[in-house]
Trainee: 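Below are the structure tokens for one structure; questions will follow.
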Amino acid sequence: MTAFQPVVTSLLDNDLYKFTMWQALLHRHPQTVAEYEFVCRSQPQFPLTALLPQLQQQLDHLCSLRFREDELDYLCSLRFIKPDFVDFLRLFQFQRRFIRAWAEGDRLRIRACGPQVHVMDFEIHVLATVNELYFRRFDLEAALATGRQRLRDKIDLLRAVDVAPARTHPLEFFDFGLRRRFSGAWQREVVTTLRDEVPEFFKGTSNVLLARDLGLVPIGTMAHEYLQTYQALGVRLRDFQRAALEDWVQEYRGDLGTALTDVVGMDAFLADFDLYFAKLFDGLRQDSGDPVAWGEKAIAHYRQLRIDPHTKRLVFSDALDTPTVLRLYDTFADRAPTGFGIGTHLTNDVGLQPINIVMKLVAANGQPVAKISDTPGKTLSQDATFLAYLRQVFHIA
């Protein structure tokens, strides 16, 4: 019998934006009850239900973990993390009764439901766990050999930028690949290699544990769930984005100033992102739709508000690979600072087909929430009536 090998061994092995959203929602809406659902958007090579026995073991293990004092000390060192939040984390432990995994035919179902401040952090750990359990069933040595060669090819492509004519703004990218990584060990190897080989381009990781261990900057601000939660918090639906952005500004007072734009699409976002927010936030993040069209809209919006685009950063994070990064950089490098969050292409490019899995907020306080993405396939809602109403409120065809 194979010995149990835990996927998650530290609760710090998580994306920074989970902590920053967690803190903001704990301070402002700790009473919210939320529901998160796992979804597989692609066709895996075998049914994910085959992983269910091992997944149940991993969830039991995850719910036994606590934050260690050295981990809390690191979080305390981040100036935007508040002492009372760290005290909350010192007491925090996942509750097994708040998460359930089961098979529905060949479909793997996972649902986390309970107080949002006690269930929202399941997401990244669950996704990393399902991914690693899935890829443990393939040839490890062949995958790592392919992955190392492809990583070397990426580094060679990046180094070619060094010999090109200088641009107004530098090329900078980050690792955003925790949730869909091949394994935790492989993500650590990739991030270490990039830190050592191309430090002029590689500027950080969303993985807080790796940032601490490798002396990198932890990267991240907010994700869709933060803004979606405000669809169910009693504010007028038309005003949910403004309410979420205002609370973020009050919570972080100038830190973590990159706003996510595609919860109800870029056009609806820009209608809410007036001069007040445009001055307070340092930049915008694109996560769906045509990235060039998005960048053009962002620059035009800043110019319309008489804000110099050279003072605001455009962050791209939607299904990026190295050629796409270089193309987007070439398009915008002389017009605005850019940043590129690369996920699967860094941490799961090993010659095997990645699985497209997410675990998304679907309801808060008993009310449905939804995301209307600029990429139609990424629109997410379990309630067609609410989705239609949301489209009507924001005049989305």
Side-chain angles (χ1 to χ4, degrees), residues 17 20-21 24-25 27-37 116 120 221-252 256-290 293-294 296-307 312 315 318 360-397:
Y17 67 20
T20 57
M21 293 186 295
L25 291 170
H27 285 161
R28 281 161 172 75
H29 302 285
Q31 76 286 358
T32 304
V33 175
E35 184 176 332
Y36 292 78
E37 284 272 0
Q116 188 169 31
M120 64 182 294
T221 57
M222 67 180 73
H224 300 95
E225 69 179 291
Y226 172 73
L227 290 107
Q228 284 178 268
T229 298
Y230 280 75
Q231 295 172 3
L233 291 184
V235 299
R236 197 173 65 131
L237 185 60
R238 179 62 188 82
D239 297 329
F240 86 88
Q241 292 189 116
R242 294 186 185 123
L245 294 174
E246 179 63 33
D247 276 1
W248 193 266
V249 166
Q250 296 304 321
E251 177 71 24
Y252 290 109
L256 304 174
T258 303
L260 182 63
T261 65
D262 71 331
V263 173
V264 286
M266 180 62 159
D267 293 337
F269 175 84
L270 291 180
D272 289 340
F273 198 68
D274 59 10
L275 181 62
Y276 171 76
F277 288 125
K279 283 189 171 183
L280 289 174
F281 280 86
D282 298 322
L284 304 173
R285 178 163 77 90
Q286 179 263 354
D287 199 50
S288 64
D290 181 339
W294 177 90
E296 296 293 351
K297 286 181 180 180
I299 289 172
H301 187 70
Y302 281 126
R303 286 178 175 159
Q304 183 181 25
L305 296 174
R306 299 182 182 178
I307 293 175
K312 301 294 180 180
V315 178
D318 180 30
K360 294 297 187 183
L361 177 70
V362 295
N365 294 332
Q367 300 179 46
V369 300
K371 178 179 75 167
I372 303 176
S373 173
D374 286 318
T375 299
K378 296 176 78 172
T379 292
L380 189 65
S381 175
Q382 291 192 331
D383 189 309
T385 302
F386 177 74
L387 183 61
Y389 177 53
L390 189 62
R391 289 185 184 278
Q392 182 182 23
V393 167
F394 285 94
H395 308 291
I396 299 169

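Quantities reported herein were computed from a predicted structural model and do not represent experimental measurements.
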Trainee: Just wondering, do Leu390 and Ile396 contact through their side chains at under 4.5 Å, heavy atoms?
Mentor: no
Trainee: Taking all heavy atoms of Phe269 and all of Ala259, pick out the closest pair and write down the distance.
Mentor: CZ-CB, 3.9 Å
Trainee: Going by heavy atoms in the side chains, are Ile372 and Leu387 under 4.5 Å from each other?
Mentor: yes
Trainee: Check for a donor-acceptor pair, side chain of Asp274 on one end and backbone N or O of Phe277 on the other, with a separation under 3.5 Å.
Mentor: yes
Trainee: The criterion is salt bridge (Lys or Arg N to Asp or Glu O under 4.0 Å); which residues satisfy it with Glu296, sequence neighbours excluded?
Mentor: Arg335
Trainee: If the condition is side chain to side chain donor-acceptor pair (under 3.5 Å), which residues does Gln367 pass it with, not counting sequence neighbours?
Mentor: none
Trainee: Hey, does the side chain of Gln286 reach the backbone of Ser288 with a donor-acceptor pair shorter than 3.5 angstrom?
Mentor: yes
Trainee: Suppose we screen for side-chain contact (heavy atoms from CB on, under 4.5 Å). Which residues come up paired with Val235, at least two apart in sequence or across chains?
Mentor: Phe240, Ala243
Trainee: The criterion is salt bridge (Lys or Arg N to Asp or Glu O under 4.0 Å); which residues satisfy it with Arg306, sequence neighbours excluded?
Mentor: none
Trainee: How far does CG of Leu25 sit from OH of Tyr230, to the nearest 0.5 angstrom?
Mentor: 6.0 Å
Trainee: Take atom CD in Gln31; do more than 12 heavy atoms of anything else shown fall under 6.0 Å from it?
Mentor: yes
Trainee: Any sub-3.5 Å donor-acceptor pair from Asp374's side-chain atoms to Met266's backbone N or O?
Mentor: yes
Trainee: Mind checking side chain to side chain donor-acceptor pair (under 3.5 Å) for Trp294 and listing every partner two or more places apart, or none if nothing turns up?
Mentor: Thr261
Trainee: Please list, chain by chain and in numerical order, all residues satisfying side-chain contact (heavy atoms from CB on, under 4.5 Å) with Asp282, sequence neighbours excluded.
Mentor: none
Trainee: So which heavy atom on Gly257 is nearest to which on Thr221, and how close?
Mentor: N-CG2, 4.3 Å
Trainee: Could you pull out all residues at least two apart from His224 that satisfy ring pair (Phe, Tyr, Trp, His ring centres under 6.0 Å)?
Mentor: none
Trainee: Suppose we screen for side chain to side chain donor-acceptor pair (under 3.5 Å). Which residues come up paired with Tyr36, at least two apart in sequence or across chains?
Mentor: Gln116, Glu225
Trainee: Testing the basics here: between Tyr252 and Thr20, what is the closest heavy-atom pair and its distance to 0.1 Å?
Mentor: OH-O, 2.5 Å
Trainee: Can you list everything that forms a side-chain contact (heavy atoms from CB on, under 4.5 Å) with Asp272? Sequence neighbours excluded, please.
Mentor: Arg238, Gln241, Arg242, Phe394
Trainee: I need the Leu245 CG to Asp239 CG distance, nearest 0.5 Å.
Mentor: 11.5 Å
Trainee: Checking Glu251 now: which residues fulfil salt bridge (Lys or Arg N to Asp or Glu O under 4.0 Å) with it, not counting sequence neighbours?
Mentor: Arg28, Lys82
Trainee: Which heavy atom in Ala232 sits nearest to a heavy atom in Val369, and how many Å separate them?
Mentor: CB-CG1, 4.2 Å
Trainee: Would you say the side-chain atoms of Trp248 pair up with the backbone N or O of Leu256, donor to acceptor, closer than 3.5 Å?
Mentor: yes
Trainee: Should Tyr226 and Tyr17 count as side-chain neighbours, where that means a heavy-atom distance under 4.5 Å?
Mentor: no
Trainee: Below 4.5 Å, heavy atoms only, C-beta onward: do Thr229 and His29 meet side chain to side chain?
Mentor: no
Trainee: Hey, does the side chain of Arg285 reach the backbone of Met222 with a donor-acceptor pair shorter than 3.5 angstrom?
Mentor: yes
Trainee: Taking all heavy atoms of Ala223 and all of Leu260, pick out the closest pair and write down the distance.
Mentor: C-CD2, 3.5 Å
Trainee: Restricting to non-hydrogen atoms, name the atom on Thr258 and the atom on Leu284 that form the minimum distance, rounded to 0.1 Å.
Mentor: CG2-C, 3.7 Å
Trainee: Tell me, please, which residues at least two apart from Leu280 pass side-chain contact (heavy atoms from CB on, under 4.5 Å).
Mentor: Val249, Tyr276
Trainee: Under 3.5 Å, which donor-acceptor pairs link side chains of residues 297-305 to any protein atom two or more places apart or in another chain?
Mentor:
from	atom 1	to	atom 2	distance (Å)
Lys297	NZ	Asp267	OD1	2.8
Lys297	NZ	Asp267	OD2	3.4
His301	NE2	Phe273	O	2.6

